[in-house]
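Heads up, the thing below is written out as structure tokens.
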Amino acid sequence: MSSRPIVVLCGGVGAARFLRALTMVVAPTEVTAIVNTGDDTTMHGLRICPDLDTVTYTLAQAIDHERGWGLINETWHAMESLRRYESQRPDGSNAGGTWFGLGDRDLATHLYRTARIDEGATLTEVTREIAKSWNVEVELLPMTESPAPTTVLVDPAIDAGPAGDGRIAFQDYFVRHHHSIPVRSVDLAARHATPTQEVQRALSQAQVIVVAPSNPFVSIGPIRALQGIDDLLSAAHDRTVAISPIIGGEALKGPAADMMRSFGVRADALGIAEHYQRIARHIVIDDIDRHLSDHIAALGLSVSVTNTLMADPNVAARLASATLNAAGYQLD
Ligand code: FO1
């Protein structure tokens with residue numbers, strides 16, 4: 001299969017919105033998205049891939065915009081019905097939990113994915129089938145076929161986790177705790193996993209690689225942690241552009257800025273530039289962070305300044321064009 005010229009490293013909401021904008025300025029058939037699976041979880045025996053779901057539903061224009069995840073016009077009968085069993089659930093059982101919301105229509109995606117994997121299909125194959133069913137023409141590649149669950153370490157007094165040491169699963173932190181507790185460190189199981197051949201081929205043949213405005217630690221971090229990927233990326237450093245997910249010292253959504261502060265890193269676009277300087281020669285930052293341009297340029301990065309708030313489609317499309325231009329990719 002021939003590779004596509006534009007490759008985007010993706011987490012969830014920010015990446016999904018950027019991909020949507022990208023398809024307004026280039027054909028979707030020009031784009032491959034390599035998507036984080038470190039957030040994946042199993043609920044009710046079903047394989048859930050939140051970032052793949054968010055990207056798929058956003059590109060299919062079926063995402064619930066307000067929540068940023070799940071489907072529009074969703075109903076919740078299955079979750080409501082599960083509540084019947086709550087009073088009878090023995091201590092220590094996870095059965096029938098409803099803290100992770102799975103809408104009725106969304107459940108169909110997880111049922112299909114799980115059944116296909118049980119039949120022996122790879123996640124790459126099932127992802128392609130799901131994307132085609134939603135008429136998504138961007139190529140969506142899960143970063144790896146291996147389980148690569150991200151865990152976070154928190155204060156054991158807040159949540160001791162199964163081993164009593166404060167290590168909890170990513171979705172426990174993100175959804176159950178509403179990502180409101182301080183994270184001491186992140187453990188990426190992806191460092192023991194290998195990227196798929198499709199991912200390696202896409203990266204080595206890409207004309208431009210975009211690091212989407214996603215969380216650098218828990219969304220892009222797992223992709224970078226896969227064996228050999230950071231070296232592949234640093235070899236492609238000249239054609240790689242990162243979009244800062246931090247605007248005016250804050251993340252639009254999610255805990256990226258809080259994590260930067262907890263980890264003792266500057267929580268601004270300069271901190272992002274330092275974090276990505278090994279793999280990206282170019283960076284796109286928001287107008288509000290223009291004053292950081294000279295400091296970032298001093299690191300050896302080329303800086304593009306534009307409106308990165310993808311609030312309206314025209315602004316988002318301009319961000320997509322500016323990003324490609326920053327890496328020297330010529331638009332027709
Ligand atoms: N995020 C939430 O904040 N609450 C949920 O109940 C929730 C359920 C959910 C179900 C399927 C899915 O694909 C994603 C879901 N998400 C939910 C989003 C997701 O867990 C996070 O946004 C990502 O993991 C972070 O990128």
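From a predicted model like this one, the values you see are computed outputs, not experimental measurements. Counting convention: from 1, in listed order, for ligands and their atoms alike. Below, each value reflects all heavy atoms present in this structure, side chains not excepted, and no hydrogens, waters or symmetry copies.
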Specify the protein heavy atom at minimum distance from [atom]: its residue, its atom name, and the distance to 0.1 Å.
{"atom": "atom 23 (C) of ligand 1", "value": "Asp39 OD2, 3.4 Å"}
{"atom": "atom 14 (C) of ligand 1", "value": "Pro50 CB, 3.8 Å"}
{"atom": "atom 11 (C) of ligand 1", "value": "Asp106 OD2, 3.5 Å"}
{"atom": "atom 13 (O) of ligand 1", "value": "Asp53 OD2, 2.9 Å"}

Nearest 0.5 Å, please: how far is CZ in Arg176 from CD1 in Ile168?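 So the gap between those two atoms works out to 8.5 Å.
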With the threshold set at 4.0 Å, does a side-chain nitrogen-carboxylate oxygen contact exist between [X] and [Y]?
{"X": "Glu250", "Y": "Arg261", "result": "yes"}
{"X": "Arg113", "Y": "Asp53", "result": "yes"}
{"X": "Arg128", "Y": "Glu125", "result": "no"}
{"X": "Glu274", "Y": "Arg266", "result": "no"}

In terms of relative ring orientation, are His179 and Phe174 parallel, tilted or perpendicular, with 30° and 60° separating the classes?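 Taking Phe174 first and then His179, their aromatic rings sit tilted (interplane angle of 30° to 60°).
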So if I count the atoms of ligand 1 from 1 in the order they appear, which ones are less than 4.0 Å from some heavy atom of [X]?
{"X": "Phe174", "result": "21 (C), 22 (O), 25 (C)"}
{"X": "Leu102", "result": "10 (C), 11 (C)"}
{"X": "Gly101", "result": "5 (C), 6 (O), 8 (C), 9 (C), 10 (C)"}
{"X": "Gln171", "result": "20 (O), 24 (O)"}

So, regarding Asp51 and ligand 1 (criterion: nitrogen or oxygen to nitrogen or oxygen, under 3.5 Å), is there a contact or not?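 N/O-N/O distance under 3.5 Å: yes.
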Do ligand 1 and His110 have nitrogen or oxygen atoms that lie under 3.5 Å from each other?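 No - when backbone and side-chain N and O of His110 are compared with those of ligand 1, no distance drops under 3.5 Å.
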Any side-chain heavy atom of Asp155 sitting closer than 4.5 Å to one from Ile181?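 Asp155 vs Ile181: side chains apart.
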Counting heavy atoms only, which part of Thr54 comes closer than 4.0 Å to ligand 1: side chain, backbone, both or neither?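 It is neither; nothing of Thr54 touches ligand 1.
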Shortest heavy-atom approach to atom 7 (C) of ligand 1 - which of Tyr57, Trp69, Trp99: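 Selected option, by shortest heavy-atom distance: Trp69.
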Quick one: does any side-chain atom of Glu145 pair with a main-chain N or O of Leu123 as donor and acceptor, under 3.5 Å?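 Yes, because the side chain of Glu145 sits within donor-acceptor range (under 3.5 Å) of the backbone of Leu123.
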